[in-house]
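The chains referred to below are lettered A, B, ... by the order of the sequence lines, with proteins before strands, and numbering in each begins at 1.
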Amino acid sequence: MRYSNMFLPTVREVPSDADVISHQLMIRSGLIRKLTSGVYTYLPVGYRVIRKFEQIVREEMNRAGAQEVFMPTVQPAELWQESGRWVHYGKELLRFRDRHDRECCLGPTHEEVITDLVRNEIKTYRQLPRNLYQIQTKFRDEIRPRFGVMRCREFGMKDAYSFDIDSEAADLSYQKMFDAYNRIFARCGLKFRPVEADSGAIGGSFSHEFLVVADTGEDGMVYCESCSYAANLEKAEIARPAEPAPVASAKAVEEVHTPDVRTIEEVCAFLNVTPREVVKTLIYTADGNAVAVLIRGDHEVNEIKVKNLLGCDSLEMAMEDMIVEVANAPRGFVGAVGIRCPVYADYSLIGMADFVMGANKEDHHLRNVNMGRDFSVKAFADLRTIRDEDPCPRCGKTLHFARGIEVGHVFKLGLKYSKAMRAVYLDRNGKEQFMVMGCYGIGIGRTVAATIEQNNDTAGIVWPMPLAPYQVIVTPTNVNDGALAKAAEKLYDSWIARGIEAILDDRDERAGVKFMDADLIGIPLRVTVGPKRLAEGKVEVRFRRTGEVHVLPLDEAVEFVVRAVQDGMKAPE
RNA sequence: CGGGGCGUAGCGCAGCUUGGUAGCGCGCCUGCUUUGGGAGCAGGAUGUCGCAGGUUCAAAUCCUGCCGCCCCGACCA
């Protein structure tokens with residue numbers, strides 16, 4: 001492509017409303033422009049990168065035996081009512097009515113549509129397993145779109161859906177997708193990590209997230225270098241501590257007047273104790289019923305773990321009136337002694353004795369409280385969020401913490417949708433069985449943004465070869481110099497003939513401007529055709545990533561670049 | 001949804017407190033010079049000051065309402 005014909009609006013200034021590097025660079029390098037909140041247009045060069053990534057995804061999906069389909073964006077409410085998500089999905093589902101007043105929505109994901117398709121067409125175990133995937137635009141009406149295409153409302157996504165005869169077969173499908181994902185992100189040259197994740201509202205038995213390591217990532221993760229344990233921060237387990245010798249305290253419970261002392265910090269200061277000696281009592285509403293969660297003063301409750309323990313659909317901090325109802329005391333003075341609701345305690349309470357806790361009486365706390373003696377616990381469980389000092393739950397060694405961008409998620413769905421929507425087949429014995437499903441997503445635009453997040457420097461983007469919109473840019477330093485222009489043109493033609501994706505920067509601009517743009521848009525190789533070198537019959541080949549320069553005769557430069565491109569495309573095994 | 005902020009030329013912003021002439025940088029157009037890391041000089045074009053009302057002799061500026069966008073938080077496959 002000739003630069004002079006390209007629609008590639010680069011901007012010199014850093015956009016004021018972009019606060020992560022990938023967002024800034026995508027705008028500056030003319031990859032994207034925003035239409036409205038959370039909705040972006042991909043410009044030609046940006047779209048080339050998207051298509052490059054999609055192609056990698058496609059190749060690996062096909063290799064794993066999945067087949068591509070293309071599904072509707074507009075979906076009827078009936079399907080969603082059938083799966084139960086019309087009610088459950090909430091405001092992220094953009095709903096509207098058509099001219100006949102039929103309720104519709106824009107697909108935020110396609111489980112319903114694919115399940116409907118498969119249940120209508122697949123009748124027997126002989127037709128299973130199947131894995132169908134789509135690479136399409138989806139819409140989720142995010143509360144707060146941010147970070148450019150990383151968290152937006154309209155976005156490109158690859159979703160694959162697998163259908164199997166039973167759970168073991170489904171595990172195999174899951175493993176194939178897991179392996180394919182590792183190949184996909186490795187081919188992009190990304191530093192990433194698959195981590196155990198919560199399967200969330202989608203339901204299902206287990207799942208992994210693929211996180212691209214980046215400090216700006218929205219997800220936290222822990223990983224262990226001694227064993228292979230890696231998990232999302234929300235999911236990361238904390239091992240049950242060894243059972244200590246039963247504690248028998250001689251000290252009697254003591255009620256202390258603590259006027260206006262509510263927070264852990266205030267309690268500690270007032271009673272001269274440390275947070276480790278205090279137990280927090282938090283009242284939650286689980287599907288409308290009050291429950292108390294006990295946790296050590298210096299820990300944080302992990303609501304996902306509480307939700308999973310209780311198996312409830314909704315979990316919220318209780319309102320003041322409900323707290324008073326079960327505890328007879330306002331927020332800040334709640335404790336487990338005499339409380340009128342089920343009590344669940346975090347593992348960290350095991351072995352604690354003579355601790356401080358709210359008295360269930362306004363402006364009072366209790367000292368020397370002991371479990372068993374003063375109140376009873378319905379169950380002990382892992383209910384808190386993991387912290388720096390916690391050891392690996394598997395091997396006990398030191399855990400590492402990092403942040404990452406979620407670019408992929410694989411779920412084993414189980415029977416959730418097949419039951420709700422009656423996706424059944426006849427087995428060998430002619431008996432009706434539910435299909436066992438899995439779903440596997442990859443955020444297309446988000447992966448591209450994550451790639452930039454991991455591959456940039458002060459001058460701009462540094463594309464890994466497999467995703468680069470073009471592989472080489474030929475830069476004559478002065479197009480008004482006939483010899484330079486001619487030599488550049490010839491080089492460009494020979495690369496095009498060899499199947500290399502090349503840009504000829506034929507603009508009548510100063511060399512500095514061209515260099516800046518080439519660096520900004522991140523083309524891996526730049527070939528400079530300047531008067532001094534050309535007089536010796538040579539050109540410069542420069543690597544964007546390293547700045548390494550090779551001065552080569554014209555014909556050798558052609559081969560050199562072809563080889564460098566091939567080397568850069570190799571998927572690491 | 002709660003809190004904060006912004007809306008003035010294509011982009012980034014000043015002007016608003018204290019009402020009266022719409023300005024700066026970048027970009028854009030023309031010409032000359034320049035040509036290896038975002039050139040110099042000269043000339044030029046560009047605005048319903050987000051929208052709608054109101055106050056006033058007079059509104060970018062003051063008042064009311066609306067719309068859009070951004071940031072923080074809560075929420076979330």
Participant: With both distances under 3.5 angstrom, what nucleotide forms a Watson-Crick or G-U wobble pair with B/rG47?
Facilitator: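 Its partner: none found.
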Participant: In whole Å, what separates the P atom of B/rG36 from that of B/rC69?
Facilitator: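 Per the computed distance, 46 Å lies between those P atoms.
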Participant: Aromatic rings A/Phe560 and A/Phe543: how do their planes relate, parallel, tilted or perpendicular, breaks at 30° and 60°?
Facilitator: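 Rings of A/Phe560 and A/Phe543: perpendicular, over 60°.
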Participant: If you pin A/Glu234 and A/Glu509 to their nearest nucleotides in RNA chain B, which one's is more 5'?
Facilitator: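 Its nearest nucleotide being more 5', the pick is A/Glu509.
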Participant: Taking N and O atoms by type only, does the side chain of A/Arg12 place a donor or acceptor under 3.5 Å from a partner on the base of B/rG12?
Facilitator: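 Under the 3.5 Å cut-off, the side chain and the base do not form any donor-acceptor pair.
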Participant: What distance, rounded to whole Å, do you find between the two P atoms, one in B/rG7 and one in B/rA14?
Facilitator: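 Nearest-Å result for B/rG7 against B/rA14 at atom P: 7 Å.
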Participant: Nearest to the A/Pro531 side chain among B/rG68, B/rG36, B/rA39, which nucleotide is it?
Facilitator: B/rG36
Participant: Looking only at heavy atoms, what is the nearest atom pair of A/Asn232 and A/Ala197, with distance?
Facilitator: CB-CA, 4.4 Å
Participant: How far, in whole Å, is B/rC24 from B/rG44 if one measures between their P atoms?
Facilitator: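 Comparing P positions in B/rG44 and B/rC24 gives a spacing of 13 Å.
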Participant: Checking all strands, does A/Arg153 fall into the base, sugar-phosphate, or nothing category for heavy-atom contacts under 4.0 angstrom?
Facilitator: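 It contacts nothing in the nucleic acid.
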Participant: May I ask which nucleotide in the shown strands pairs with B/rG68, Watson-Crick or G-U wobble, both distances under 3.5 Å?
Facilitator: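 Looking at the geometry, B/rG68 pairs with B/rC6.
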Participant: Charged N to carboxylate O below 4.0 Å: is that the case for A/Glu548 and A/Arg542?
Facilitator: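 Here A/Glu548 does not pair with A/Arg542 in a salt bridge, since their nearest N and O are not under 4.0 Å apart.
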Participant: In this structure, how many angstroms lie between the P atom of B/rG38 and the CE atom of A/Met516, rounded?
Facilitator: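 Rounded to the whole Å, the gap is 5 Å.
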Participant: Which base, if any, makes a Watson-Crick or G-U wobble pair with B/rC62, both distances under 3.5 Å?
Facilitator: B/rG54
Participant: For A/Arg446 and for A/Gly38, find the nucleotide of RNA chain B with the closest heavy atom, then tell me which residue's nucleotide is more 5'.
Facilitator: A/Gly38
Participant: Among B/rC70, B/rG36, B/rC75, find the nucleotide with the atom closest to the side chain of A/Lys34.
Facilitator: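 When the side chain of A/Lys34 is considered, B/rC70 is the closest of B/rC70, B/rG36, B/rC75.
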Participant: Report the relative orientation of the aromatic rings in A/Phe210 and A/Phe178; use parallel for angles under 30°, tilted for 30 to 60°, perpendicular for over 60°.
Facilitator: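 Rings of A/Phe210 and A/Phe178: tilted, as their planes differ by 30° to 60°.
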Participant: So, A/Tyr440 and A/Ser162: side-chain donor and acceptor under 3.5 Å apart, yes or no?
Facilitator: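 Looking only at side-chain atoms, A/Ser162 and A/Tyr440 do form a donor-acceptor pair, the distance falling under 3.5 Å.
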Participant: In whole Å, I'd like the distance from the CG atom of A/Asp508 to the C1' atom of B/rG31.
Facilitator: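 Checked: the CG to C1' distance equals 14 Å.
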Participant: Using atom C1' in both nucleotides, what's the gap between B/rC29 and B/rC76 to the nearest angstrom?
Facilitator: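 These two C1' atoms come out 50 Å apart once rounded.
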Participant: Tell me the partner of B/rG12, counting only Watson-Crick (N1-N3 plus N6-O4 or O6-N4) or G-U wobble (N1-O2 and O6-N3) with both under 3.5 Å; none if nothing fits.
Facilitator: B/rC24
Participant: Need the pair for B/rA42. Rule: Watson-Crick or G-U wobble, both distances under 3.5 Å, any strand; none if unpaired.
Facilitator: B/rU30
Participant: Suppose you measure atom P in B/rC11 against the same atom in B/rG47; what distance do you get, rounded to whole Å?
Facilitator: 14 Å
Participant: What's the closest nucleotide to the A/Glu13 side chain, out of B/rG38, B/rC26, B/rG36?
Facilitator: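 For A/Glu13, the side-chain atoms sit closest to B/rC26.
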Participant: Is A/Asp519 touching bases, backbone alone, or none of the nucleic acid, heavy atoms closer than 4.0 Å?
Facilitator: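 The answer is base, as A/Asp519 lies within the cut-off (heavy atoms under 4.0 Å) of a base atom.
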Participant: Under 4.0 angstrom, heavy atoms only, what part of the nucleic acid is A/Thr475 near: base, sugar-phosphate, or nothing?
Facilitator: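 A/Thr475: no heavy atom of the nucleic acid under 4.0 Å.
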Participant: How far, in whole Å, is B/rA59 from B/rU64 if one measures between their C1' atoms?
Facilitator: 15 Å
Participant: Given the structure, check if the side chain of A/Arg28 and the base of B/rC11 hold any donor-acceptor pair shorter than 3.5 Å.
Facilitator: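 No such pair is found, so the answer is no.
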Participant: In whole Å, I'd like the distance from the CG atom of A/Asp481 to the P atom of B/rG36.
Facilitator: 11 Å
Participant: Can you confirm whether or not the ring centre of A/His409 sits under 6.0 Å from the ring centre of A/Phe411?
Facilitator: yes
Participant: Taking a pair as Watson-Crick or G-U wobble with both distances under 3.5 Å, which nucleotide is matched to B/rU18?
Facilitator: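 Paired with no nucleotide.
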Participant: Which nucleotide sits closest to the side chain of A/Val513: B/rG36, B/rC1, B/rG38?
Facilitator: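 Nearest to the side chain of A/Val513 among the choices is B/rG38.
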Participant: If you only use heavy atoms from C-beta on, which nucleotide in B/rG38, B/rG36, B/rC1 is closest to the side chain of A/Arg533?
Facilitator: B/rG36
Participant: Take atom CZ of A/Arg146 and atom P of B/rC76, then tell me their distance rounded to the nearest Å.
Facilitator: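 The answer, rounded to whole Å, is 13 Å.
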Participant: Do the side-chain N and O atoms of A/His110 and A/Gln75 include a donor-acceptor pair separated by under 3.5 angstrom?
Facilitator: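 Per modelled atom types, A/His110 and A/Gln75 side chains form a pair under 3.5 Å.
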Participant: Using both distances under 3.5 Å as the test, list the Watson-Crick or G-U wobble partner of B/rG36, or none.
Facilitator: none
Participant: For nucleotides B/rC16 and B/rG23, find the distance between their P atoms and express it as a whole number of Å.
Facilitator: 15 Å
Participant: Distance check, P atoms only: B/rU8 and B/rG4, in whole angstrom units.
Facilitator: 22 Å
Participant: Under 4.0 Å, counting only non-hydrogen atoms across every strand here, what does A/Ser37 touch: a base, just sugar-phosphate, or nothing?
Facilitator: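 Sugar-phosphate, backbone atoms only, no base.
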Participant: Give A/Lys91 one of three labels, base, sugar-phosphate or nothing, depending on what nucleic acid heavy atoms sit under 4.0 Å from its own.
Facilitator: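 Here A/Lys91 touches no strand at all.
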Participant: Classify A/Met157 by what it touches in the nucleic acid, base, sugar-phosphate, or nothing, heavy-atom distance under 4.0 Å.
Facilitator: base
Participant: Have a look at A/Arg542 and say if it touches a base, only the backbone sugar-phosphate, or nothing, with a 4.0 Å heavy-atom cut-off.
Facilitator: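 Result for A/Arg542 = base.
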Participant: Under the side-chain hydrogen bond (donor to acceptor under 3.5 Å, both in side chains) definition, can you give me all pairs with a residue in residues 441-451 of chain A, not counting sequence neighbours?
Facilitator: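 Listed by first then second residue: nothing to list.
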